[in-house]
Amino acid sequence: MPPVPDDLRTGVRAGLPLLLGVVPFGLVAGVASVDAGLSPVQAVGLSVVVFAGASQLAAVDLLATDTPLAVVVLTAVVINLRMSMYSASIAPYFESFRRRWEAACAYLLTDMSYALAVAEFRSDGPTDRRWYYLGVAVPMWLVWQVATAAGAVLGARIPDRWGVSFAVPLVFLALLLPELSDRPRAVAALVGGSIAVVGAGWPLNLGLLGGALAGVAAGVVAEGRTAS
Amino acid sequence: MTTTYGPLAIWAVVLVVGVLTFGIRYSFIYLLGHVDGMPPRIERALRYVPAAVLAALVAPSVLDPGPTVAATLFDGRLFAGVVAAGVAWATENMFATLAAGMVTLWGVTFLL
């Protein structure tokens, strides 16, 4: 066996604590998928092809209520739009990679792999960026796939009255709270959440999309107010 | 609830969301060298996407306006959501948040 590069190992070690958070999230994604009527194979397929937890949960949630497919896709994609920021921010550090490695690293880009890798790259040490990034991102990918598969197998056996599907909004809640770090973001959340509640009965799930768009607009306006 | 969509529709969603998500992730990594990063106005707006979308996803699941104020407030999901939000705020831990929310919901459902 060839020796394991040191920077790969450093990356794996840096990502370990975060894997603890990936496990329950992945389990919920698996359970929610089979709960919504996906087969275990479809649940794992979704995890492998999309590999973005919040959007996967939103997609299966909307599929379960037979929302029009265009709305399902649009909602999932809007949730992932934030990744374009990560893409822009991390791009300079990937510039020396070959095209196929760039594409592989892009596929593995998540909130967590981005946050860890950029913190390391900014410190400008002698780290081999590709190995470090793969060390962080590949274990996350593996754990995510295993956790969703386990959730998909388990999920079919849990009785309905346990209300396991409530774990889905709880995951979103756990992701939301750390976001509320400043006033404009809190305003964005308040407006987005309120409109979604008021519009819960609107057709085409417009309450969700309308809430999201109004929330973003409110955040931008609140930022302008804070700055001036 | 369970979907009535067939396997073809589900796989189509998986594939389209997957391709578009990869496109988002790859966008600027691919474009670098062709453009100078992201237009500042768009970058500003994108900062508020997570907070707005996540709140819009959470809120209707915990807050279901009933016929009266009391019916709206005395609700297991709202109670469990508030407890979970407190735990999320204090610990920023996914597992603790899930555990607190689910245990509270089960407590309300099975004990009351």
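Sequence lines set the chain letters: A, B, ... in the order given, protein chains first and strands last, and positions in each chain run from 1.
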Looking only at Ala56(B), Ala96(B), Ala88(B), Pro60(B), most heavy-atom pairs under 4.5 Å shared with chain A are made by Ala56(B)
Counting heavy-atom pairs under 4.5 angstrom with chain A, the leader among Val58(B), Val87(B), Ile24(B), Val13(B) is Ile24(B)
- Query: Without hydrogens or angle criteria, can the side chains of Ser113(A) and Thr110(A) be said to hold a donor-acceptor pair below 3.5 Å?
  - Reply: yes
Requested in this report: Determine yes or no for a side-chain-to-main-chain donor-acceptor pair under 3.5 angstrom, with Thr75(A) supplying the side chain and Val71(A) the backbone.
Outcome: yes
Okay, Leu20(B) and chain A: the region with an atom under 4.5 Å from a heavy atom over there is side chain
Is the distance between the ring centroids of Tyr107(A) and Phe22(B) under 6.0 Å? no
| query | Does Thr72(B) reach the main-chain N or O of Gly66(B) with its side chain, forming a donor-acceptor pair under 3.5 Å? | reply | yes
Would you say the rings of Phe74(B) and Phe79(B) are close, in the sense that their centroids are separated by under 6.0 Å? no
Looking only at Ala200(A), Gly199(A), Ala106(A), the option with the highest number of non-hydrogen pairs under 4.5 Å against chain B is Ala106(A)
Cut-off 4.5 Å, heavy atoms of chain B, and the answer for Phe166(A) is both
Counting heavy-atom pairs under 4.5 angstrom with chain B, the leader among Gly211(A), Ala52(A), Pro184(A) is Pro184(A)
Scored by heavy-atom pairs under 4.5 Å with chain B, the best of Thr65(A), Val171(A), Ile195(A) is Val171(A)
_I'd like to know if the side chain of Ser87(A) reaches the main chain of Ile29(B), judged simply by a donor and an acceptor atom lying under 3.5 Å from each other, with no hydrogens or angles considered._
yes
Turns out that what part of Tyr114(A) lies under 4.5 Å from chain B's heavy atoms comes down to neither
So, the part of Ser39(A) with a heavy atom under 4.5 Å from chain B: the answer is neither
Interface check, chain A: of Glu92(B), Arg41(B), Met102(B), most non-hydrogen pairs under 4.5 Å belong to Met102(B)
In terms of heavy-atom pairs under 4.5 Å with chain A, the winner among Leu98(B), Asp64(B), Thr97(B) is Leu98(B)
key: Gln56(A) and Ser33(A): side chain donor to acceptor below 3.5 Å   = no
Per-residue tally against chain B (heavy atom, under 4.5 Å) across Ala54(A), Gly37(A), Gly193(A), Gly215(A) peaks at Gly193(A)
Okay, Val41(A) and chain B: the region with an atom under 4.5 Å from a heavy atom over there is both
Quiz item: Is there a side-chain contact (heavy atoms from CB on, under 4.5 Å) between Phe25(A) and Leu57(A) once you walk through the steps?
Solution: CA-CA 10 Å; Phe25(A) 192 1; Leu57(A) 284 179; 3.6 Å; yes
Applying a strict 4.5 Å limit to non-hydrogen atoms, the region of Val28(A) in contact with chain B is side chain
Residues pairing under side chain to side chain donor-acceptor pair (under 3.5 Å) where one sits in residues 182-203 of chain A, two or more places apart or in two chains, turn out to be Asp182(A)-Arg185(A)
Most contact-rich option vs chain A, by heavy-atom pairs under 4.5 angstrom, among Val19(B), Val53(B), Leu57(B), Val17(B), is Leu57(B)
**Request:** Ignoring hydrogens and angles, tell me if any N or O in the side chain of Tyr48(B) forms a donor-acceptor pair with the backbone of Ala186(A) under 3.5 Å.
**Result:** no
Under 4.5 Å to a heavy atom of chain B? For Asn80(A) that would be both
Pair count under 4.5 Å, heavy atoms only, with chain B: among Val72(A), Val34(A), Val198(A), Leu175(A), highest is Leu175(A)
Answer key: most heavy-atom pairs under 4.5 Å with chain B among Cys105(A), Ala76(A), Pro178(A) is Pro178(A)
The interface call for Trp89(B) against chain A, heavy-atom contacts under 4.5 Å, is both
Asp66(A) and Thr3(B): side-chain hydrogen bond (donor to acceptor under 3.5 Å, both in side chains), yes or no, with the steps? CA-CA 6 Å; Asp66(A) 281 339; Thr3(B) 185; 3.2 Å; yes
Arg82(A) side chain to Val49(B) backbone, donor-acceptor under 3.5 Å | no
